[in-house]
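All ligand and atom numbering here is 1-based and tracks the order in the structure. Throughout, residue positions are numbered sequentially from 1 according to the sequence presented.
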Amino acid sequence: MVSIATVLDSNSGITRLYGSGLVGVFVGGTSGIGESTARAFIRNTNASRAYLVGRDQARAMNMIEEMRQINPDSQISFIKSDVTLLREVDDACRVIQQKEDKVNILFLSPGTGTMKGRDETDEGLDRKLNLHYYSRMRFVTNFLPQLIKAGEQSGPCLSRVISVLEAGGEAALHLDDLSLQTHYSLRNCAKHAITMASVSMEHLAASYPHISFVHSFPGVVRTRLDRDFGTATKYAVAALMVLARPWEIALDESGERHLYAATSPRFPPRIYKDGVSGAAEGSDGVPGSGFYRLSSTGDTYKSNKIMGLYRADGTRSLIWKHTLDVFAKVRGAQEMNPAID
Ligand SMILES: NC(=O)c1ccc[n+]([C@@H]2O[C@H](COP(=O)([O-])OP(=O)(O)OC[C@H]3O[C@@H](n4cnc5c(N)ncnc54)[C@H](OP(=O)(O)O)[C@@H]3O)[C@@H](O)[C@H]2O)c1
């Protein structure tokens, strides 16, 4: 377990390590874990720029007002976007790309606790699977040039993608129906989002050696994730939260822990620009893979049977190819980022 003292100590040294002017994009930064991580980012950095992507403008404006008071040197912007739609993801990225040529931290935590069944957007994808997987990967592919630029600066540099879902929960997939057109259930939706995220991030870490990738399980954190629940489910979840109290992680602590995941040199890319290997420690049983699966206490999961199998038998590449095929089908090949491998 990584102690909170270690986390806070590391976070207080971010500017010393990486300098001022870091750029963070927080998709799902208007509430919960994304919000608390964005607040920790502003508290612990100098002259940084943060972009909060979400739908709730009023909430975002209040947050921005408060965050500016915490650190008047920082610049915080709200980008209104419904990221269940890939076209809105593309629009949001374009707005940020007009202002930034590098992105140091891409923090992905848009989510919903909805218990609805398959709920298709006009792009033909399920909303929940999109929020938890496809949209997040679309942000990654769109921002590859900016992440690569951040990772290729000389000296200690930071280029990292963090996705908050449920690392450690990877399981076998319906490989003939990855987007769950016919095998939809809430359990399958969770399993596919979690596993495809880990597999794809591991694949991307192999393809883009200067960017590191972290998939985190936050543990039990009291947020607004229950806002789409009906009254009965809300009561049931509230009762479960009482039982789970001994394991609960306070929202502020979760933000600091996720800022640590986003900045600690414990999670280096495969290779630094100067050619030095980033393999400070083995991750996922693959030394120096540049991909890390984190538990709620900041420990790394070292191996997973299904991930090992998908890595060895080529399924990992097929899952990434499926993801690019979905992007091409929904957005057209001309909208694809030429940097994508
Ligand atoms: N909290 C936990 O205990 C826990 C445990 C395990 C996993 N997780 C995972 O962690 C992630 C973050 O959850 P959280 O607890 O921080 O939840 P939260 O407080 O509900 O925050 C979710 C964020 O997602 C954004 N979002 C939702 N739908 C969106 C949409 N259509 N377009 C754009 N943004 C959207 C929300 O912004 P707007 O409202 O502004 O749209 C909000 O900023 C989720 O994927 C969740 O499954 C959480």
Notebook entry, point to check: Among the heavy atoms of V164, does any lie under 4.0 Å from an atom of ligand 1?
Noted result: yes
Note to self: To check you understand the geometry: which heavy-atom pair defines the closest contact between R227 and S31, and what is its length?
What the structure shows: NH1-OG, 4.3 Å
Notebook entry, point to check: Identify the closest protein heavy atom to atom 37 (O) of ligand 1: which residue and atom is it, and at what distance?
Noted result: T30 OG1, 2.8 Å
Note to self: Quick test: of every protein heavy atom, which one is nearest to atom 31 (N) of ligand 1, and how far off is it to 0.1 Å?
What the structure shows: D82 OD1, 2.8 Å
Next item on the list: Tell me which part of H132 gets within contact of ligand 1: side chain, backbone, both or neither, using heavy atoms under 4.0 Å.
Entry: side chain
Check: Does any N/O atom on G54 come nearer than 3.5 Å to any N/O atom on ligand 1?
Finding: no
Next item on the list: Indicate whether the side chain of Y310 and that of T195 have a donor and an acceptor atom separated by less than 3.5 Å.
Entry: no
Check: So between R59, H258, R227, whose heavy atom ends up nearest atom 39 (O) of ligand 1?
Finding: R227
Notebook entry, point to check: Does any donor atom in the side chain of H215 or S198 lie under 3.5 Å from an acceptor atom in the other side chain?
Noted result: yes
Notebook entry, point to check: What protein heavy atom sits nearest atom 5 (C) of ligand 1, and how far off is it?
Noted result: G219 O, 3.2 Å
Note to self: Parallel, tilted or perpendicular: which one describes the rings of H174 and H183, with boundaries at 30° and 60°?
What the structure shows: parallel
Note to self: For Y301 together with F217, are the ring centres under 6.0 Å from each other?
What the structure shows: no
Next item on the list: Please lay out, stage by stage, how R87 and D91 fare under the test salt bridge (Lys or Arg N to Asp or Glu O under 4.0 Å).
Entry: CA-CA 6 Å; R87 62 176 178 273; D91 290 344; over 6 Å; no
Next item on the list: From the options L85, L225, T114, T37, select the one whose nearest heavy atom is closest to atom 48 (C) of ligand 1.
Entry: L225
Note to self: Just to check, does S135 reach to within less than 4.0 Å of ligand 1 when the distance is taken from its heavy atoms?
What the structure shows: no
Note to self: Out of E166, R136, E35, who is nearest to atom 45 (O) of ligand 1 when you count heavy atoms only?
What the structure shows: R136
Notebook entry, point to check: So, is G34 polar-close to ligand 1, with some N/O to N/O distance under 3.5 Å?
Noted result: no
Item checked: atom 35 (C) of ligand 1 - nearest protein heavy atom and its distance -> R55 NE, 4.0 Å
Item checked: For ligand 1, the portion of L165 having any non-hydrogen atom under 4.0 Å away -> both
Note to self: Does ligand 1 come near enough to V220 that some N or O of the ligand is less than 3.5 Å from an N or O of the residue?
What the structure shows: no
Check: Looking at atom 1 (N) of ligand 1, what's its closest protein heavy atom, distance included?
Finding: V221 O, 3.0 Å
Next item on the list: Using only heavy-atom distances, determine whether the side chains of T323 and Y133 contain a donor-acceptor pair under 3.5 Å.
Entry: yes
Check: How does P218 reach ligand 1, if at all, at less than 4.0 Å between non-hydrogen atoms: by side chain, backbone, both, or neither?
Finding: side chain
Margin query: Just to confirm my output: which protein heavy-atom neighbour is closest to atom 16 (O) of ligand 1, and how far is it?
Written below: I33 N, 2.8 Å
Check: Does any N/O atom on V53 come nearer than 3.5 Å to any N/O atom on ligand 1?
Finding: no
Next item on the list: Using a 4.0 Å heavy-atom cut-off, say whether S81 meets ligand 1 through its side chain, its backbone, both or neither.
Entry: backbone
